[in-house]
**Q** 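Pasting a structure below so you can have a look.
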Amino acid sequence: MKHIWYKLPCKQNELQLLGTLNGGQSFRWKKICDEQKEQWLGVFFNKVWILQQENDHILYKVHETKLNELEDEMSYNNLLRSYFQLHVNIEKLYEEWSTADPYFKEAAKQFYGIRILKQDIVENIFSFICSSNNHITRISSMVEKLATFYGEEICEIDGEKYYAFPKVNLLAQQSVEEKLRTNGFGYRAKYISKTAQHIMDSGGEKWIDKLQTMSYEEAKKELMLLTGIGAKVADCICLMSLNHLHAIPVDTHIYQIAKRLYMPKLPDKKTVTEKIYNDIGDHFRDLYGPLAGWAHTVLFCADLKKFQGNNTENSSSGNLRKKSKSKK
DNA sequence: CGGTAGCCTGTGTG
DNA sequence: ACACACAGGCTAC
């Protein structure tokens, strides 16, 4: 087992680990603390990664199975560049979005360097099926369960085993629904099982490959054929796995933000109807342009409860949350 | 067709 | 302690 620290050159303004890894895009990253230094442990590309933010670079370690070992800093750096999509220069985009939108400018103070991750398609399909009508903490535990039950073991660190995200054929097994039911997945157990079977019946790997060649509209429609995937989940997958950066997933948070700050005339509904969904997406696409989904993710982060620390006293903290009334 | 009740269950809030 | 609302929605009416 290696203990080498590698170095990926990258400015903080181009990548903020905290907001990017903890912002509800990916459910497999956890914060670990080592000598007061904030580190992030997560799994992607069948490897366990430990990342640490520095001023002008990211320090990282990699754990993987002997079979897959690359042992080459350049190869690892390329995997990270691809995962974080570092070819996209966001400092410049942030300037454009800030010019177009004062609320974005406000959010950007705290949430600089937020990136859309380029995540594995299969992992995102099943992770975001879990996300429906659910809390992030619970979603994370469900994704972890899927990996533990059906994923290949990658390695063991400090007595804890880590698993890759499962292959679709294993999730398509007959026994899956019942197993997930008894493990607290609720009605999503059936969605996962049926979706895995649908993908296998549609050609498995071939279906995935084809999905990647489709336009945004085609891919979204194709994804919505799967049980448990509606417009919102399909947009999450389009945005975070298929490189359709103008897809805008509209959830209750975005609906609330849109109604409060951008589109006050939106009807007051309990659930987002199809028309409201499309109107909100169009509004943000008009406002932010071709990478609107990316900008939207910054707004989403700014509204997440977990980022509302004790720094909400003044208006320069960057959060867009409605101020809670202070008790007198 | 647009709208909405019902769904599993953990977590946060009072 | 012990409800009770509500989660980054979707399906089926």
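Only this structure's heavy atoms are used, side chains among them; waters, hydrogens and symmetry mates stay out. Just so we're clear, the structure is a prediction, and the values are computed from it rather than from any experiment. Naming convention: chains lettered A, B, ... in sequence-line order (proteins, then strands); numbering from 1 in each chain.
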**Q** So what does Val250(A) hit on the nucleic acid, given a heavy-atom distance under 4.0 Å: a base, only sugar-phosphate, or nothing?
**A**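 The answer is nothing, as Val250(A) stays clear of every strand by at least 4.0 Å.
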**Q** Is Lys206(A) paired with Asp209(A) through a side-chain N to carboxylate O contact shorter than 4.0 Å?
**A**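 No, Asp209(A) and Lys206(A) are not salt-bridged.
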**Q** Please give, in whole Å, the distance from dG9(C) P to Ile237(A) CD1?
**A**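 Rounding to the nearest Å, CD1 of Ile237(A) and P of dG9(C) are 14 Å apart.
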**Q** Just verifying a value: how many Å separate Phe128(A) CZ and Leu223(A) CG, rounded to the nearest 0.5 Å?
**A**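 These two atoms lie 12.5 Å from each other.
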**Q** Of the listed nucleotides (dG9(C), dG3(B), dG8(C)), which one gets closest to any side-chain atom of Met240(A)?
**A**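 The nucleotide sitting nearest to the side chain is dG8(C).
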**Q** Just how far, in rounded Å, is P of dC10(C) from CE of Met224(A)?
**A**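 Taking CE of Met224(A) and P of dC10(C), I get 7 Å after rounding.
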**Q** As an exercise, state the distance from CD of Glu156(A) to NE2 of His63(A), rounded to the nearest 0.5 Å.
**A**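 If we round to the nearest 0.5 Å, Glu156(A):CD and His63(A):NE2 are 12.0 Å apart.
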**Q** Could you state the CD1-P distance from Ile136(A) to dG9(C), rounded to the nearest angstrom?
**A**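 Rounding to the nearest Å, CD1 of Ile136(A) and P of dG9(C) are 10 Å apart.
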**Q** Under 4.0 Å between any heavy atoms, over every strand shown, what does Leu226(A) touch: base, sugar-phosphate, or nothing? Just pick one.
**A**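 Counting heavy atoms under 4.0 Å across all strands, the contact made by Leu226(A) is with sugar-phosphate only.
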**Q** In residues 137-151 of chain A, which ones come under 4.0 Å of DNA chain B, going by heavy atoms?
**A**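 Here the set is Thr137(A), Arg138(A).
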**Q** With under 30° as parallel and over 60° as perpendicular, where do the rings of Phe44(A) and Trp29(A) fit, or are they tilted in between?
**A**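 Judged by the thresholds at 30° and 60°, the geometry between Phe44(A) and Trp29(A) is tilted.
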**Q** Without decimals, in angstroms, what is the distance between Ile129(A) CD1 and dT11(C) C1'?
**A**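 To the nearest whole Å, that distance equals 13 Å.
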**Q** If each of Gln25(A) and Lys194(A) is mapped to the nucleotide of DNA chain C with the nearest heavy atom, which maps nearer the 5' terminus, i.e. the 5' end?
**A**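 The answer here is Gln25(A).
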**Q** Would you say His135(A) reaches dT11(B)'s phosphate, i.e. side-chain N/O to OP1/OP2 under 4.0 Å?
**A**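 So the side-chain polar atoms of His135(A) never come under 4.0 Å of the phosphate oxygens OP1 or OP2 of dT11(B).
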**Q** When you compare dT13(B) with dG8(C), how far apart are their P atoms, in angstrom units rounded to a whole number?
**A**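 Nearest-Å result for dT13(B) against dG8(C) at atom P: 12 Å.
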**Q** Whole angstrom is fine here: how far is it from NE2 in His198(A) over to P in dT11(C)?
**A**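 It is 12 Å, rounded to the nearest whole Å.
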**Q** Can you tell me how far the CD atom of Gln16(A) sits from the CD1 atom of Ile90(A), to the nearest 0.5 Å?
**A**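 That separation rounds to 9.5 Å.
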**Q** Report the distance from atom CG of Leu8(A) to atom CE of Met74(A), rounding to the nearest 0.5 Å.
**A**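 The CE atom of Met74(A) is 13.5 Å from CG of Leu8(A), to the nearest 0.5 Å.
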**Q** Figure out the CZ/P separation between Arg188(A) and dT9(B), and round it to whole Å.
**A**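 My rounded result for the distance is 9 Å.
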**Q** Quick one: Phe27(A) CZ to dA7(C) C1', roughly how many Å, whole number?
**A**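 Roughly 12 Å, once rounded to whole Å.
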**Q** Check the orientation of Phe284(A) and Tyr288(A). Use parallel for under 30°, tilted for 30 to 60°, and perpendicular for over 60°.
**A**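 Parallel, since the angle between the ring planes stays under 30°.
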**Q** Whole-Å distance between dC7(B) C1' and Phe185(A) CZ?
**A**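 These atoms are roughly 17 Å apart.
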**Q** For Lys275(A) and for Gly184(A), locate the closest nucleotide of DNA chain B by heavy-atom distance; then report the residue assigned to the nucleotide nearer the 5' terminus.
**A**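 Its nucleotide being nearer the 5' end, the pick is Lys275(A).
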**Q** Hey, what's the ring geometry for Tyr262(A) with His283(A), parallel, tilted or perpendicular (30° and 60° as the breaks)?
**A**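 Perpendicular: the ring planes of Tyr262(A) and His283(A) meet at over 60°.
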**Q** Report the nucleotide, chosen from dG10(B), dC10(C), dC8(B), that has the shortest atom-to-atom distance to any side-chain atom of Arg181(A).
**A**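 Out of dG10(B), dC10(C), dC8(B), the nucleotide with an atom closest to Arg181(A)'s side chain is dC8(B).
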**Q** Of the options dG8(C), dG3(B), dG9(C), whose atoms approach the side-chain atoms of Tyr187(A) most closely?
**A**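 So the nucleotide nearest the side chain must be dG9(C).
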**Q** Let's test your reading of the pairing rules: Watson-Crick or G-U wobble, both distances under 3.5 Å, then write DNA chain B as a dot-bracket string with ( ), [ ], | and dots.
**A** ..|||||.||||||
**Q** How do Asp251(A) and Leu225(A) order along DNA chain C: which one's closest nucleotide is nearer the 5' end?
**A**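 Nearer the 5' end of the strand: Asp251(A).
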**Q** Taking atom P in both dC7(B) and dA5(C), compute the distance separating them and give it to the nearest angstrom.
**A**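 To the nearest whole Å, 16 Å.
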**Q** Tell me whether the side-chain N or O atoms of Lys232(A) pair up with the base of dG8(C) as donor and acceptor below 3.5 Å, since no angle test is needed here.
**A**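 Indeed there is one.
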**Q** Should the pair Tyr6(A) and Tyr76(A) be assigned to parallel (<30°), tilted (30 to 60°) or perpendicular (>60°) ring geometry?
**A**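 Aromatic pair Tyr6(A)/Tyr76(A) classed tilted.
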**Q** For the side-chain hydrogen bond (donor to acceptor under 3.5 Å, both in side chains) test, which of Gln39(A), His57(A), Glu38(A) pairs with Gln52(A)?
**A**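 Exactly one candidate clears the test, Gln39(A).
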